[in-house]
Undergrad: 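Below: one structure in structure tokens.
FYI, side chains are in, hydrogens and waters are out, and symmetry mates aren't considered; it's all heavy atoms of this structure. Predicted model, so just to flag it, every value in this text is computed and none were measured. Numbers restart at 1 for each chain; the letters A, B, ... are given by sequence-line order, proteins then strands.
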Protein chains: 2
Amino acid sequence: MMTEDEPVVFVIDDDASVCKSLMRLLRSFGYEARAFHSAEHFLEQVPFQGTGCIILDVRMPGIGGMALQDKLGKTEDSLPVIFITGHGDIPMSVQAMKKGATDFLPKPFEDGQLIDAVVKAVEKSRQIRMSCNELNNLRMRLDRLTPREREVLPYIIAGLLNKQIAFKLNIAEKTIKVHRAHIMEKLGVGSVAELVRLAEKANIEPYDQRS
Amino acid sequence: MMTEDEPVVFVIDDDASVCKSLMRLLRSFGYEARAFHSAEHFLEQVPFQGTGCIILDVRMPGIGGMALQDKLGKTEDSLPVIFITGHGDIPMSVQAMKKGATDFLPKPFEDGQLIDAVVKAVEKSRQIRMSCNELNNLRMRLDRLTPREREVLPYIIAGLLNKQIAFKLNIAEKTIKVHRAHIMEKLGVGSVAELVRLAEKANIEPYDQRS
DNA sequence: CTCCGTATTGGACTAAAGTCCAATAGCAAT
DNA sequence: ATTGCTATTGGACTTTAGTCCAATACGGAG
């Protein structure tokens, strides 16, 4: 399915010497590394789809590290962020961690600390990506449902009988059976139990009877 | 069901004056507050079941704040922790946040900061408690199943037919029907769909056909 | 206009599940 | 030994669900 899945580490720091030494370090540990000397340059890049992580300097001209984290956090399949900084304080680090950073390293730091953080961040990225792929697969299959089938689905996963659904939608019970069969086939499941689990993953709310 | 659910804030700090002023502050905001001047004293207390949070000094004689957090983290229904400290650094705050602290405030801090943190922590505690209650409810109902019924359940939520389950267990299909009915009744669900959702919440793995 | 997908319905039939009823055997506690 | 819970089975019956088959109506694309 995928050709390769080499993790990529993005280094964003306005200090060229920091970039350079980080690149060398990361490459010596077998990572593909790419440097950007500002948040703006990083954002110009085409959205990255693979696994990896971002090493981000807090203080930079223009868009700062924290602001960039906010921007990236809005896209769902974002890469884990490791902060590095020369002039950080506790409130700053706490805020970054609250927003989901995987680590926050004050300069100077040991090579080993940085690599440890990168290993963990990349691992996290892999997991995010896997569950994201699963979800996309699911959504693609769900897109193949007709409007009517999408309408019937919440009733089915709520456990209503065909007869009850038919009454709700004012159509024949037979028709519900057909929709049901189509849904099961399109989503590739062999039982209502599997269907329910699928729908849970895709966050499809079952029809609530108390309404 | 519950009589009251007044949130309780536990303050653990070896500095008596800090305890005192925090107690006054918290009470002025309507919280019930209890002070402990060491981690050991706090641990002597009977396990607390209600909602609330813990305000914890990092540096204390004997068991330190971070060590106490580790101890508390092992019990599932633990209270959210807010750290306060006079001599903290970034790595310390990052580690605390990684371990799930809701906040980390260096002294001196504003009253408002502390209260904000407490409000959020208590809110989090409420949510933890609610989902924990739900889980306990579920487990109690699951405990009422007989061994045989527990054995049949994974097959049902995997979507197998009664006939197939009967073959697997080498018993009559009829018997499976009876078990199925008993399970549904004991767990208080009216359809397989609900049963599957319940089992998901309780982390019951469906029987895997590929084995 | 014709073709195709969608939504809808119908009949006949099979298979599965649920609902009454009642019964037996093992096993542990009283 | 009696009681009660668990696991097991049986028959008869009703309700649902799924599976063949085929058909009509509508709207958009070619």
Undergrad: With the sugar-phosphate defined as primed atoms, P, OP1 and OP2, and the base as all remaining atoms, what B/S/- string results for nucleotides 8-20 of chain D, 5' to 3', for protein heavy atoms under 4.0 Å?
TA: SB-BB---SBB--
Undergrad: Do T85(A) side-chain atoms and D57(A) backbone N/O form a donor-acceptor pair below 3.5 Å?
TA: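 No.
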Undergrad: Using only atom types and a distance under 3.5 Å, with no angle test, would you say the side chain of R59(B) pairs donor to acceptor with the backbone of G88(B)?
TA: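 Not at all, since once roles are kept as given, no pair shorter than 3.5 Å links the two residues.
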Undergrad: OP1, OP2 of dC5(D) versus side-chain N and O of T146(B): anything below 4.0 Å?
TA: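 Checking dC5(D) against T146(B), no side-chain N or O comes under 4.0 Å of OP1 or OP2.
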Undergrad: Anything under 3.5 Å between a donor and an acceptor, one on a side chain of residues 24-39 of chain B, the other on a protein residue two or more places apart or in another chain? List them.
TA:
{"unit_1": "R27(B)", "atom_1": "NH2", "unit_2": "A33(B)", "atom_2": "O", "d": "2.7"}
{"unit_1": "S28(B)", "atom_1": "OG", "unit_2": "L25(B)", "atom_2": "O", "d": "2.7"}
{"unit_1": "E32(B)", "atom_1": "OE2", "unit_2": "R34(B)", "atom_2": "NE", "d": "3.1"}
{"unit_1": "E32(B)", "atom_1": "OE2", "unit_2": "R34(B)", "atom_2": "NH2", "d": "2.8"}
{"unit_1": "S38(B)", "atom_1": "OG", "unit_2": "E40(B)", "atom_2": "N", "d": "3.4"}
{"unit_1": "S38(B)", "atom_1": "OG", "unit_2": "H41(B)", "atom_2": "N", "d": "3.1"}
{"unit_1": "S38(B)", "atom_1": "OG", "unit_2": "H41(B)", "atom_2": "ND1", "d": "2.9"}

Undergrad: One thing to verify: whether E151(A) and R148(A) come together as a salt bridge, which I'm taking to mean a side-chain N less than 4.0 angstrom from a carboxylate O.
TA: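 E151(A) and R148(A): salt-bridged.
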Undergrad: Apply side chain to side chain contact (heavy atoms under 4.5 Å, CB included) to V192(B) and R180(B), showing your working.
TA: CA-CA 10 Å; V192(B) 184; R180(B) 198 184 199 110; 4.2 Å; yes
